[in-house]
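Bear in mind the structure is a predicted one, so any value in this text is a computation, not a measurement.
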Amino acid sequence: MKKLGLLPRLIIAIILGILIGLAGQKVDILKILVRLLITFNGLFGNFLGFVIPLIIMGFVIPGIADLGDSAGKTLAITAGIAYLSTVIFGTITYFVGSVVLPNFIKKGAISFDPEKNSGKALEKIFESPMDPVFSVTTALIISFILGVGIAAAKAEVLKKAVHEFSDIITKLISNVVIPLLPFHICGIFANMAYEGTVAVVLSVFARVFIMVLILHYLTITAQFTIASSMSGGNPFSKIKTMIPAYMTAIGTQSSAATIPVTLNQTYKLGVNKGIADFVIPLCATIHLSGSTITLTSCSLSILMLNGSDVGFQHMFPFILMLGVTMVAAPGVPGGAVMAALGILQSMLGFTEPMTALIIALYVAQDSFGTACNITGDAAIACIVNKISGFKLDPAANAEYIDELVKQ
């Protein structure tokens with residue numbers, strides 16, 4: 001199973017979960033299997049609740065410390081544009097979702113609150129509480145204080161320590177959390193199939209997926225239209241140039257792994273090599289407009305299904321915080337949703353089943369979100385190139401084009 005990618009494993013887990021849940025309605029021995037899966041979900045959910053504050057600290061502290069370490073005008077411009085891009089397109093997604101989603105989502109159709117579920121809901125065989133060391137809010141505050149403090153004080157020893165802690169958390173996610181996710185998703189869908197709500201969820205899944213893809217393509221078009229209006233040229237020609245990077249991102253599901261191809265195609269756009277070499281690797285870390293679109297769409301749809309508040313005054317602070325949190329997203333498949341779990345729970349009130357659903361929804365399109373992210377990075381590079389006083393000149397980069405990819 002490890003040789004399969006995360007997405008195929010999740011698809012298998014969803015299918016198995018549905019089959020087990022439906023069979024459990026008729027065969028008592030399979031009902032025990034559903035209860036075992038629900039019990040595992042409880043344990044895994046408690047474990048996630050325990051590690052989420054650690055995940056926040058492990059990624060946010062070094063992320064802020066590293067940004068502060070590269071102080072300069074170009075950094076400030078790039079980071080500002082990346083954050084604005086994330087927030088603007090996240091906000092647009094909210095308004096689009098508010099209009100589109102109610103057309104196929106009945107508010108309050110499913111309760112994701114385990115304490116309020118009734119009827120055919122099955123009980124866990126046993127529970128094992130795992131209280132977190134501190135709350136998500138406390139973890140965020142500590143992270144910002146330490147991140148800014150390390151950058152300001154140039155505390156190299158502490159900076160090395162938080163990077164090593166970040167490596168530990170990354171391994172925890174990639175070696176423990178991610179491998180166990182398919183079992184968690186299997187349990188969630190087995191329980192929903194047993195309760196008879198899975199058809200509604202799958203119907204919403206499919207339509208939200210289509211909406212997210214359309215928003216991704218519109219976002220890329222808007223980003224390059226803005227970039228072309230400032231730096232000149234045809235936005236669609238620029239998008240065509242970036243297709244190899246887009247396709248590479250779909251295959252790798254990693255912005256970091258796509259950097260060589262993204263850089264090569266950005267050279268072809270004519271961005272000054274120095275600007276490209278700085279902006280592309282930085283934006284691979286801090287610019288996640290595609291991921292924000294996905295997370296906003298998915299969280300909005302799940303909240304609607306649950307009958308929760310989806311007012312702008314409730315969602316906009318989440319979008320603002322999401323833009324900051326995306327800076328800390330680890331470079332593993334599903335990393336953005338892992339980094340966002342804390343604010344999903346603390347700001348939007350996500351329960352364990354809601355958390356599992358948004359992970360499944362996010363991972364299902366993670367490759368497309370990554371592709372949207374890295375394509376937009378090139379648009380930001382064009383804008384920074386213009387602000388820095390350079391003109392797009394592909395001929396100037398001729399000697400560098402394709403050499404990076406060969407390496």
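Side chain of N191 to backbone of I38: no donor-acceptor contact under 3.5 angstrom is found. A donor-acceptor pair under 3.5 Å is absent between the side-chain atoms of N46 and the main chain of L43, judged by distance alone. Remark: the backbone N or O of L215 is paired with a side-chain donor or acceptor of T219 at under 3.5 angstrom. Without hydrogens or angle criteria, S237 side chain to G233 main chain gives no donor-acceptor distance under 3.5 Å. T39 places a side-chain N or O within 3.5 Å of a backbone atom of R35 that can act as its donor or acceptor partner.
The CD1 atom of I383 sits 9.0 Å away from atom OG of S228, with the distance rounded to the nearest 0.5 Å. Here F47 contributes atom CZ and F44 contributes atom CZ; the two are 7.5 Å apart, rounded to the nearest 0.5 Å. Residue L37 holds its CG atom at 12.0 Å from CD1 of I185, rounded to the nearest 0.5 Å. Put simply, CZ on F189 and CD1 on I18 are 6.0 Å apart, with the number rounded to the nearest 0.5 Å. Atom CD1 of I168 sits about 13.5 Å away from atom NE2 of H163, to the nearest 0.5 Å. The distance from atom CD1 of I141 to atom CG of L146, rounded to the nearest 0.5 Å, is 12.0 Å.
At least one side-chain heavy atom of I81 sits under 4.5 Å from a side-chain heavy atom of V384. Counting heavy atoms from C-beta outward, S299 and F350 have side chains that approach closer than 4.5 Å. Here the side chains of S301 and I105 are in contact, with some heavy-atom distance below 4.5 Å. Put simply, the side chain of T292 does not reach to within 4.5 Å of the side chain of T93, judged on heavy atoms. Counting heavy atoms from C-beta outward, L180 and F40 have side chains that approach closer than 4.5 Å. The side-chain heavy atoms of L357 and F205, taken from C-beta on, include a pair separated by under 4.5 Å. Looking only at side-chain heavy atoms (C-beta outward), R207 and L101 stay at 4.5 Å or farther from each other. Residues D377 and V279 are not in side-chain contact: their nearest non-hydrogen atoms beyond the backbone lie 4.5 Å or more apart.
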Passes side-chain contact (heavy atoms from CB on, under 4.5 Å), I29 versus L33? Steps please.
CA-CA 7 Å; I29 193 165; L33 181 55; over 6 Å; no

Given side-chain hydrogen bond (donor to acceptor under 3.5 Å, both in side chains), test S85 with H287 step by step and report yes or no.
CA-CA 8 Å; S85 173; H287 178 235; 2.9 Å; yes

I'd like to know whether T351 forms a side-chain contact (heavy atoms from CB on, under 4.5 Å) with T355, so could you lay out the CA-CA distance, the side-chain angles of the two residues, the decisive distance to 0.1 Å, and finally the verdict.
CA-CA 6 Å; T351 61; T355 299; over 6 Å; no

Evaluate I188 against M192 for side-chain contact (heavy atoms from CB on, under 4.5 Å), listing each step before the verdict.
CA-CA 6 Å; I188 291 294; M192 287 192 298; 3.9 Å; yes

With side-chain contact (heavy atoms from CB on, under 4.5 Å) as the test, would you mind laying out the steps for I275 and F390 before giving the verdict?
CA-CA 9 Å; I275 296 295; F390 297 101; 4.0 Å; yes

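Here the closest non-hydrogen pair linking S166 and P62 is CB-CG, 3.9 Å. Across A378 and L269, no two heavy atoms sit closer than the pair CB-CD1, 4.0 Å. In terms of heavy atoms, T262 sits closest to I374 at CG2-O, 3.7 Å. Taking both residues in full, the closest heavy atoms of A193 and G17 are given as CB-O, 4.3 Å, listed atom of the first, atom of the second, then distance. Counting all heavy atoms, side chain and backbone alike, G342 lies closest to I52 at CA-CG2, 3.5 Å. When all heavy atoms are compared, the tightest approach of L288 to T86 is N-OG1, 3.9 Å.
For K106, there are no salt bridge (Lys or Arg N to Asp or Glu O under 4.0 Å) partners, not counting sequence neighbours.
Counted by atom type alone, T241 and Q265 present zero donor-acceptor pairs between their side chains at under 3.5 Å. Using modelled atom types and a 3.5 Å distance limit, the side chains of N385 and S231 yield no donor-acceptor pair. Side chains of Y267 and D277: a donor-acceptor N/O pair is present below 3.5 angstrom, by distance only. Residues T258 and Y246 bring no donor and acceptor atom of their side chains to less than 3.5 Å of each other. Between Q223 and T375, the side chains place no donor N or O within less than 3.5 Å of an acceptor N or O (distance only, hydrogens not considered).
Within 6.0 Å of atom NZ in K386, 12 or fewer heavy atoms from other residues, nucleotides or ligands are found, so the atom counts as exposed in its surroundings. The number of heavy atoms from other shown groups lying within 6.0 Å of CZ (F183) does not exceed 12.
Below 30°, between 30° and 60°, or above 60°: for F368 and F209 the angle between ring planes is above 60°, a perpendicular geometry.
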Result block: side-chain N/O donor-acceptor pairs under 3.5 angstrom for residues 307-322, not counting sequence neighbours:
from: S308; atom 1: OG; to: N306; atom 2: ND2; distance (Å): 2.9
from: D309; atom 1: OD1; to: G311; atom 2: N; distance (Å): 2.9

